[in-house]
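Numbers here are sequence positions counted from 1. Keep in mind that what you see is a predicted model, and the values were worked out from it rather than measured.
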Amino acid sequence: MKLLRLFMLAVAFAVVGSLLWQRRPTPVAPEPLAALRGSGVPLTVALTGDTVLGAALDADAMSALTPVAALLGQASLAVTDLDQPLRDADDPPPATAQPRWPIGDAEVARQLRTLGFTVVTLANAHVSNEEGEGAPQTAALLARAGMWTTGAGTDLDAARRVVVVGDAPHRVAVLAVATSVPPASRASRRRGEIDGRPGVNTLRYSPRVTADETTFAALSQLARAMDPTNISAAADRI
């Protein structure tokens with residue numbers, strides 16, 4: 001009797017497991033990574049500034065971008081900088097998270113590919129907004145949509161990786177570096193058993209501003225005029 005109960009229990013678990021498995025969404029196969037368009041003679045590269053779509057665009061908005069897509073499609077490859085993180089719809093942010101910048105999803109990545117972009121750079125101040133995980137998640141969704149990425153990744157080595165599209169003698173190498181990124185968004189290198197920090201490939205520098213004697217005197221006078229402790233004197237100079 002005990003064996004019969006165990007057998008029936010095992011059958012019940014198998015049936016429930018089978019039903020749950022059948023309800024799982026079919027995973028979307030990744031698109032092949034983009035190749036150079038045309039023969040590569042002449043080799044034409046289209047470059048844009050920062051792109052922020054926010055959420056996925058509706059049909060009317062995509063239709064309005066048809067001329068842009070036509071222009072990008074004429075180039076051997078098209079490059080843009082995606083200035084926002086992407087997050088998989090099946091992996092929602094924590095309930096306590098307060099988004100400070102638009103967050104897209106896999107559909108945004110597919111729309112960028114539809115518009116004709118082949119390489120997406122991620123070296124910017126916003127891709128790592130998602131508690132440090134924005135960079136690798138965004139790169140993964142873009143790669144799944146068939147685009148190359150550079151400028152951010154799971155650690156500094158990944159963020160510095162150069163993308164090479166095409167074959168010799170017609171090929172293009174792309175890398176991305178940011179200069180205005182918060183320290184917390186900088187990727188770090190793996191050290192021994194310590195994993196590197198995901199983030200952005202940044203150019204670290206120490207600015208040194210100089211001015212000739214005449215300019216320095218003018219700036220000093222302006223600073224004194226704007227001194228909040230001497231408002232009356234500043235008003236007399238206006």
Can you list everything that forms a salt bridge (Lys or Arg N to Asp or Glu O under 4.0 Å) with Arg161? Sequence neighbours excluded, please.
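None.
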Which residues share a salt bridge (Lys or Arg N to Asp or Glu O under 4.0 Å) with Arg171, sequence neighbours left out
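Not a single residue meets the salt bridge (Lys or Arg N to Asp or Glu O under 4.0 Å) criterion with Arg171.
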Applying a strict under-4.5 Å side-chain criterion to I, L, V, M, F, W and Y, I'd like to know whether [X] and [Y] cluster together.
X      : Y      : answer
Val164 : Val172 : no
Val163 : Val177 : no
Met62  : Leu71  : no

Rounded to the nearest 0.5 Å, what's the gap from [atom1] on [X] to [atom2] on [Y]? Could you check?
X      : Y      : atom1 : atom2 : value
Thr149 : Leu141 : OG1   : CG    : 10.5 Å
Arg197 : Leu156 : CZ    : CG    : 10.0 Å
Asp155 : Ile194 : CG    : CD1   : 13.0 Å
Leu36  : Thr44  : CG    : OG1   : 10.5 Å
Asp81  : Leu47  : CG    : CG    : 11.0 Å
Ile103 : Gln137 : CD1   : CD    : 9.5 Å

Side chains of residues 111-120: which donor-acceptor partners sit under 3.5 Å, not counting sequence neighbours?
| residue | atom | partner | partner atom | Å |
| --- | --- | --- | --- | --- |
| Gln111 | OE1 | Leu57 | N | 2.9 |
| Gln111 | NE2 | Leu57 | O | 2.8 |
| Thr114 | OG1 | Arg110 | O | 3.0 |
| Thr118 | OG1 | Ala78 | N | 3.0 |
| Thr118 | OG1 | Ala78 | O | 3.2 |

Could you list the residues that satisfy side-chain hydrogen bond (donor to acceptor under 3.5 Å, both in side chains) with Asp167, not counting sequence neighbours?
none
I'd like to check the side-chain hydrogen bond (donor to acceptor under 3.5 Å, both in side chains) partners of Asp83; sequence neighbours left out, ordered by chain and number.
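In terms of side-chain hydrogen bond (donor to acceptor under 3.5 Å, both in side chains), with neighbours along the sequence ignored, Asp83 is linked to His126.
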Taken in chain and number order and not counting sequence neighbours, the residues that satisfy side-chain contact (heavy atoms from CB on, under 4.5 Å) with Thr202 are Val181, Arg186, Val200, Arg204
For Leu175 and Arg160: C-alpha separation, side-chain torsions, deciding distance, then whether side chain to side chain contact (heavy atoms under 4.5 Å, CB included) applies.
CA-CA 7 Å; Leu175 64 86; Arg160 286 180 172 177; over 6 Å; no
Heavy-atom closest pair, residues [X] and [Y]:
X      : Y      : answer
Ala152 : Val127 : CB-CG1, 4.4 Å
Ala109 : Leu142 : CB-CD2, 3.9 Å
Trp148 : Ala34  : NE1-O, 2.7 Å
Ser180 : Ala125 : O-CB, 3.5 Å
Ala187 : Ala159 : CB-CB, 4.2 Å
Gly49  : Thr80  : O-OG1, 3.1 Å

N/O donor-acceptor pair under 3.5 Å between Ser63 side chain and Ala59 backbone:
no
Say whether, by atom type as modelled, one donor and one acceptor occur between the side chain of Arg190 and the main chain of Gly192 under 3.5 angstrom.
yes
Intermediate values then yes/no, side chain to side chain contact (heavy atoms under 4.5 Å, CB included), Val41 and His170:
CA-CA 8 Å; Val41 182; His170 310 298; 3.4 Å; yes
Before giving the answer on side chain to side chain contact (heavy atoms under 4.5 Å, CB included), spell out for Asp88 and Arg144 the whole-Å C-alpha distance, their side-chain angles and the decisive distance to 0.1 Å.
CA-CA 11 Å; Asp88 199 312; Arg144 192 186 305 171; 3.4 Å; yes
Using side chain to side chain contact (heavy atoms under 4.5 Å, CB included), reason through Val162 and Thr150 one step at a time and then give a plain yes or no.
CA-CA 7 Å; Val162 178; Thr150 183; 5.8 Å; no
